[in-house]
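Everything below concerns the one structure shown next.
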Amino acid sequence: MAHLLSALAISPPDSSPSTSQYSLSIFQRFENPNIFASNSMIRCLAKSQTPQNSFLLYKSMHQNVYCQPNNYTFPFVLQACSKLLGTREGPQIHNHVVKLGFTKDVYIKNSLINFYSVCGQIQSSRQVFDENPQCSDIVTWNAILASYARDKQLDIAEQLFGEMPEKDVISWSTLIVGYVQGGKLEKGLDCFREMKVKGLIPNEAIFVTVLSASAQMGLLEHGKLVHSTMKTSNCRMTVPLRTALIDMYAKCGCIEMSRQLFDEMRQRDVWSWNVMICGLATHGLGKEALELFERFTKEGRRPVNVTFVGVLNACGRAGLVNEGRQYFKLMTEVYGIEPEMEHYGCIVDLLGRAGFVEEALQLVENMTIQPDPVLWGTLLGACKVHGQVELGEKLGRKLIEMDPKHDGHYVLLANIYAKARKWEDVVRVRRLMVDRGNNKIAGWSLIEAQGEVHRFIVGDREHKHSLEIYKMLNVIDRRLAEAGYSPDVSPVLHDIGKEEKENAIRVHSERLAIAFGLLVTQVGDCIRIVKNLRVCEDCHLVCKMISKIFEQEIIVRDGSRFHHFKVGNCSCHDYW
DNA sequence: GTAGGGTTAG
């Protein structure tokens with residue numbers, strides 16, 4: 001019987017919720033389970049959906065004088081505590097460890113460090129690390145490294161990394177993941193480069209993470225480099241890795257490559273479907289995204305919250321208002337998914353753009369969660385597009401009250417007044433902004449060339465080829481003028497003259513990046529730009545014209561979507 | 001016969 005139990009208890013960790021139930025039902029028939037059976041059961045429960053049961057079984061064992069926990073028991077039960085985030089249970093176990101004299105056991109020590117780390121108790125984690133330093137091994141160091149990385153104390157993590165007596169690939173992985181999750185994307189990529197120079201072979205976690213970093217930054221060349229490193233290092237193409245590649249290509253503008261990799265997959269998980277659906281949506285391929293979603297559900301699979309962010313976005317990009325309403329209903333009523341801020345963002349954007357501002361307002365006012373400033377901003381944007389001055393004014397005031405330091409709100413409100421030709425109000429709001437606001441997000445655009453990242457801000461003169469770039473800008477201006485272009489200065493509302501306004505637009509960061517792009521590429525080549533903010537109407541028009549005049553496709557990833565400019569047209573159909 | 005550290009999507 002004991003033999004049967006152990007076989008069950010160590011069977012695949014919780015492939016179905018009933019696995020642990022079944023094991024437990026057999027375990028409970030034992031009158032006096034031995035230590036091995038009990039440990040196996042605790043392990044099985046720790047890996048199940050109900051780790052609290054693992055803790056409960058441990059407690060009953062602890063009270064049983066005939067079968068006391070041993071050194072194997074603690075790593076299992078601590079794993080359960082970590083999964084539970086059991087800040088009450090974990091320290092109890094820690095006490096038992098001390099009382100039973102297991103503090104010098106390196107496995108238990110490492111489990112404790114990890115437990116405190118995932119519970120965010122970095123001091124306790126450090127304390128366990130510092131005790132019995134002679135009982136540390138490489139895993140101990142990796143665990144404390146991960147603790148600081150999780151806590152976003154990257155300076156300390158970096159320092160520890162330097163002090164480690166030895167490093168393995170998991171040490172590198174922990175540091176790289178720490179950088180990327182802590183938003184230090186460039187540092188993560190530097191670290192990846194460094195380990196490759198040292199001749200170390202990256203593992204799956206590292207590849208997934210650096211692909212995510214490349215994707216977030218929109219660095220196609222770098223992403224491709226990672227892809228080829230994966231091929232040469234003969235790494236196994238797992239589902240998460242293929243999914244990370246699909247996401248990277250989509251976020252770096254190569255939606256075709258992304259789709260091809262998706263179609264070639266023999267097995268997919270919900271992440272694979274999600275990144276593909278979201279990717280198609282941000283490229284304005286709403287119809288394809290919705291087709292994919294339908295295929296997904298027809299396969300009998302269950303969408304999750306993120307799936308619907310993609311679906312609702314797809315409806316928004318394609319202007320499918322009725323479908324958007326229906327999918328929102330499907331999500332909440334059929335799948336029982338609670339809408340999150342992102343879902344509201346999509347649906348409010350969709351309704352607002354299509355002119356159903358009142359309906360969008362109703363939705364926001366009846367939300368189950370507290371709307372955030374971004375959501376109110378979306379609604380305010382809709383007021384601007386549809387000239388709803390009165391409501392816009394009300395919302396603008398509210399928004400400025402909520403978040404008085406944010407310049408964007410003042411600008412939006414001023415734009416609404418400008419559209420209504422209420423110039424005195426425009427001036428008033430802009431003065432208010434100068435007095436009270438100051439949180440302006442600095443706009444930038446970047447372009448990759450010859451493996452280097454070139455980042456520009458408005459009016460940038462820092463680039464080493466600045467002179468050539470500005471000469472190119474003149475060439476562009478001349479050819480644009482020949483093609484009949486005259487700048488639309490309405491988005492620039494500063495109290496300045498027309499000529500200055502023209503100049504302010506002329507040196508928008510994307511223009512500089514495109515000028516540089518034209519210098520370093522050939523006719524027929526694609527110019528890829530990534531920018532953090534949304535592209536303004538004038539630059540959008542200019543991009544369309546440049547794509548035609550210079551016979552080069554331009555792909556711009558802006559703060560919320562992709563624009564593919566080709567022979568004078570944009571994939572967004574001027575709807576963004 | 002049982003044990004510890006790193007991974008992806010809005």
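Letters go in sequence order (proteins before strands), and every chain restarts at 1. Everything numeric here is computed off the predicted structure, so don't read it as measured data.
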note: A:L211, atom CG; B:dT8, atom P; distance rounded to Å ~ 12 Å

Within residues 163-188 of chain A, those residues having any heavy atom closer than 4.0 Å to DNA chain B are A:D168, A:I170, A:S173, A:T174, A:V177, A:Q181

Verify, without hydrogens or angle tests, whether A:K152 (side chain) and A:G183 (backbone) share a donor-acceptor contact under 3.5 angstrom. no

Between CG of A:D349 and P of B:dG10 the distance, given in whole Å, is 17 Å

Worksheet item: Counting only N and O atoms by type, is there a donor-acceptor contact under 3.5 Å from the side chain of A:S173 to the main-chain atoms of A:V169?
Response: no

Considering only heavy side-chain atoms of A:E342, the closest of B:dA3, B:dG10, B:dT2 is B:dG10

Whole-Å distance, A:F76 CZ to B:dT2 P, equals 9 Å

A:I138 atom CD1 is separated from B:dA3 atom C1', nearest whole Å, by 17 Å

Report yes or no: is the ring centroid of A:Y107 under 5.5 Å from the six-membered base ring centroid of B:dA3, with the two planes under 30 degrees? yes

Over all strands shown, is A:N39 touching base, sugar-phosphate only, or nothing at heavy-atom distances under 4.0 angstrom?
base

In numerical order, the residues of residues 230-238 of chain A whose heavy atoms come under 4.0 Å of DNA chain B are none

Whole-Å distance, A:L112 CG to B:dA3 C1', equals 13 Å

Under a 4.0 Å heavy-atom cutoff, the residues of residues 306-315 of chain A touching DNA chain B are A:V306, A:V309

Next item on the list: Measure up the A:Y335 and A:F308 rings against each other and bin them: parallel (under 30°), tilted (30 to 60°), perpendicular (over 60°).
Entry: tilted

Out of B:dA3, B:dA9, B:dG10, minimum distance to the side chain of A:R43 belongs to B:dA3

Contacts satisfying ring-ring contact (aromatic ring centres under 6.0 Å, His included) that involve residues 215-256 of chain A (not counting sequence neighbours) are A:H227-A:Y249

Rounded to whole Å, CH2 of A:W273 lies from P of B:dA9 at a distance of 20 Å

Salt bridge (Lys or Arg N to Asp or Glu O under 4.0 Å) filter on A:K231, not counting sequence neighbours, yields none

_Sugar-phosphate, base or nothing in reach of A:Q79, heavy atoms under 4.0 Å_ = sugar-phosphate

Those residues at least two apart in sequence (or on a different chain) that pass salt bridge (Lys or Arg N to Asp or Glu O under 4.0 Å) with A:R150 are none

Taking only Lys NZ, Arg NE, NH1 and NH2, and the carboxylate oxygens of Asp or Glu, determine whether A:R295 and A:E291 approach each other closer than 4.0 Å. no

Check your understanding: Among side-chain atoms of A:Y148 and A:R126, is any donor-acceptor pair under 3.5 angstrom?
Key -> yes

Contact check, residues 239-272 of chain A vs DNA chain B, heavy-atom distance under 4.0 Å, returns A:P240, A:D247, A:K251, A:W271

With the side chain defined as heavy atoms from C-beta on, A:Q216 is closest, among B:dT7, B:dT2, B:dA9, to B:dA9

Residues pairing under ring-ring contact (aromatic ring centres under 6.0 Å, His included) where one sits in residues 258-279 of chain A, two or more places apart or in two chains, turn out to be A:F262-A:W273, A:W273-A:F296

Here the distance between atom P of B:dA9 and atom CZ of A:R301, to the nearest Å, is 18 Å

With sequence neighbours left out, the residues meeting ring-ring contact (aromatic ring centres under 6.0 Å, His included) with A:H564 are A:H283

Residue set satisfying salt bridge (Lys or Arg N to Asp or Glu O under 4.0 Å) with A:R353, at least two apart, ordered chain then number -> A:D349

Looking only at B:dA9, B:dG10, B:dT2, the nucleotide nearest the A:H343 side chain is B:dG10

Contacts of A:Y179 meeting ring-ring contact (aromatic ring centres under 6.0 Å, His included) (sequence neighbours excluded), chain-then-number -> none

Of A:Y58, A:F102, A:F74, the one forming a ring-ring contact (aromatic ring centres under 6.0 Å, His included) with A:H96 is A:Y58

Tightest non-hydrogen contact, residues A:C135 and A:K109, listed as O-CD, 4.0 Å

Against the side chain of A:A205, the closest entry in B:dT7, B:dA3, B:dT8 is B:dT7

From CG of A:D372 across to C1' of B:dG10 the rounded distance in Å is 13 Å

For A:K184, the salt bridge (Lys or Arg N to Asp or Glu O under 4.0 Å) test, sequence neighbours excluded, returns none

